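Here is the structure we will look at.
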Amino acid sequence: MAKFKRILLKLSGESLMGEKKYGIDEKRLGEYAQQIKEIHDMGVQIGIVIGGGNIFRGLTGAGKGFDRVKGDQMGMLATVINSLGLSSALVAAGIKARVLTAIRMEPIGEFYTKWKAIEAMENGEVVIMSAGTGNPFFTTDTGSSLRGIEIEADVMLKGTRVDGIYTADPEKDPTATKFDEITYDEVLARGLKVMDLTATCMCKENNLPIIVFDMDTVGNLKKVMSGENIGTMVHN
């Protein structure tokens, strides 16, 4: 039995690079599709938001002289490219997938509404919600928080390259220790970079728990959904 009935899965754009330095690694994309298929077969309703950092990141672009609004719009389009790639991999794995966009761009994807997303999930489709919130100055973390709250998800699963939340960056500080669970207040008080501040506050105010876990290890997504204690749970 799955621990949660409806989830919002947040995937990192950078993770899609796999062994590459840019773009989409087909092997990694296939692994993600298979992991999503495993939990779909458990009867879980799945909404997905994916970043665009493997192609373009608006904030980085702004630091290099791009207009911030145009840079963020480029980042939104990068998330659409990743969403199309993931939907293609899911369909190849035998799962119906639908791409919804926060900006009108038919026929690439349908314009997002909460009710369209929920109806599709209830019909067994995996719904990939792209183009962030459709607004500049908001990250895909905020986009995933907003969508998770809108679709009334039981939990947000934040798939990253690390296996949870630590007291410090484990890649830089070998003494960093991992939390099994932590409250939103403590995340904010410690200044931990789980997500950006807007996204964290939205989840706290709307009581949406987050599980941060390592998505790049094949099989971990199913372990989380089966209730195994991997990653870090963030809650009120």
Side-chain angles (χ1 to χ4, degrees), residues 2-4 7-21 25 28 31-32 35-36 38-39 46-54 57-60 63 75 79 82 132 138-149 153-236:
K3 187 175 180 184
F4 305 104
I7 65 162
L8 188 290
L9 177 62
K10 166 64 168 62
L11 296 175
S12 151
E14 283 97 334
S15 288
L16 273 189
M17 288 190 289
E19 302 299 318
K20 297 185 178 181
K21 293 181 179 173
D25 179 1
R28 175 60 53 78
E31 288 173 352
Y32 277 8
Q35 289 202 74
I36 293 163
E38 282 184 344
I39 67 164
I46 306 164
I48 298 175
V49 170
I50 188 162
N54 56 321
R57 184 184 286 279
L59 202 55
T60 307
T79 72
N82 284 340
F138 290 94
T139 65
T140 47
D141 279 343
T142 307
S144 58
S145 300
L146 175 63
R147 297 297 181 236
I149 294 159
D154 301 319
V155 68
M156 184 201 298
L157 303 183
K158 185 171 164 62
T160 65
R161 291 175 291 183
V162 292
D163 62 346
I165 300 168
Y166 285 76
T167 51
D169 186 343
E171 292 174 2
K172 295 175 184 172
D173 184 353
T175 65
T177 55
K178 178 172 164 268
F179 295 99
D180 286 331
E181 59 177 301
I182 188 170
T183 64
Y184 282 113
D185 287 338
E186 194 171 353
V187 165
L188 294 168
R190 286 173 174 263
L192 298 174
K193 300 286 187 283
V194 180
M195 301 192 296
D196 66 78
L197 203 56
T198 309
T200 304
C201 290
M202 279 187 71
C203 289
K204 172 179 161 52
E205 287 172 2
N206 292 277
N207 206 26
L208 177 65
I210 308 172
I211 297 175
V212 180
F213 73 106
D214 172 15
M215 179 74 183
D216 295 353
T217 300
V218 175
N220 270 359
L221 182 57
K222 188 175 183 181
K223 286 179 181 176
V224 171
M225 290 305 299
S226 299
E228 287 191 37
N229 188 24
I230 64 169
T232 303
M233 163 82 85
V234 191
H235 57 85
N236 276 327

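The structure displayed is predicted, hence computed values, not measured ones. Position 1 is the first residue of the sequence, and the numbers go up from there.
The minimum heavy-atom distance between M202 and L146, with the atom names listed, is CE-CA, 3.7 Å. Minimum interatomic distance between L16 and R28 (heavy atoms only, all atoms of both residues): CA-CG, 4.0 Å. Of all non-hydrogen atoms in Y184 and C203, the two that sit nearest each other are OH-CB, 3.2 Å. The two residues V194 and D141 make their nearest non-hydrogen contact at O-OD2, 4.5 Å. Across all their heavy atoms, T232 and F179 have their closest contact at OG1-O, 2.5 Å. Between M233 and H235, the closest heavy-atom pair is CG-CD2, 3.7 Å.
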Would you please test K10 and I210 for side chain to side chain contact (heavy atoms under 4.5 Å, CB included) and show each step?
-> CA-CA 10 Å; K10 166 64 168 62; I210 308 172; over 6 Å; no
Carefully, step by step, assess V49 and M156 under the rule side chain to side chain contact (heavy atoms under 4.5 Å, CB included).
-> CA-CA 10 Å; V49 170; M156 184 201 298; over 6 Å; no
Kindly indicate, with the supporting measurements, whether the criterion side chain to side chain contact (heavy atoms under 4.5 Å, CB included) is fulfilled by I230 and D163.
-> CA-CA 7 Å; I230 64 169; D163 62 346; over 6 Å; no
Dump the intermediate steps for side chain to side chain contact (heavy atoms under 4.5 Å, CB included) on S15 and M215, then the final yes or no.
-> CA-CA 9 Å; S15 288; M215 179 74 183; over 6 Å; no
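Put simply, the side chain of K222 does not reach to within 4.5 Å of the side chain of N220, judged on heavy atoms. Side-chain contact check for I182 versus L192: some heavy-atom pair is nearer than 4.5 Å. A 4.5 Å side-chain heavy-atom check between P209 and V155 finds at least one atom pair inside the cut-off. With contacts defined as side-chain heavy-atom distances shorter than 4.5 Å, the pair L197/L188 qualifies. Considering only heavy atoms from C-beta on, D185 comes within 4.5 Å of K204 through its side chain. Counting only heavy atoms from C-beta outward, the side chains of F4 and I211 approach each other to under 4.5 Å. Counting only heavy atoms from C-beta outward, the side chains of I48 and L11 approach each other to under 4.5 Å. Looking at heavy atoms from C-beta onward, D196 lies out of side-chain contact with F138 at the 4.5 angstrom threshold.
For T183 (side chain) and N236 (main-chain N/O), no donor-acceptor pair under 3.5 Å exists by modelled atom type. Looking at N82, its side chain does come within 3.5 Å of a backbone N or O of G51 through a donor-acceptor pair. With hydrogens and angles ignored, the 3.5 Å screen pairs no side-chain donor or acceptor of N206 with any backbone N or O of L208. With hydrogens and angles ignored, the 3.5 Å screen pairs a side-chain donor or acceptor of T139 with a backbone N or O of T142. Q35 places a side-chain N or O within donor-acceptor distance of the main-chain N or O of G219, the cut-off being under 3.5 Å. Remark: the backbone N or O of E228 is not paired with any side-chain donor or acceptor of S226 at under 3.5 angstrom.
Taken from CG in D180 to CD1 in I165, the straight-line distance is 11.0 Å, to the nearest 0.5 Å. Residue K172 holds its NZ atom at 15.5 Å from OH of Y166, rounded to the nearest 0.5 Å. Going from atom CZ of R161 over to atom CE of M17 covers 6.5 Å, rounded to the nearest 0.5 Å.
With a 6.0 Å radius and a threshold of 12 heavy atoms from other residues, nucleotides or ligands, K193 has its NZ atom at or below the threshold.
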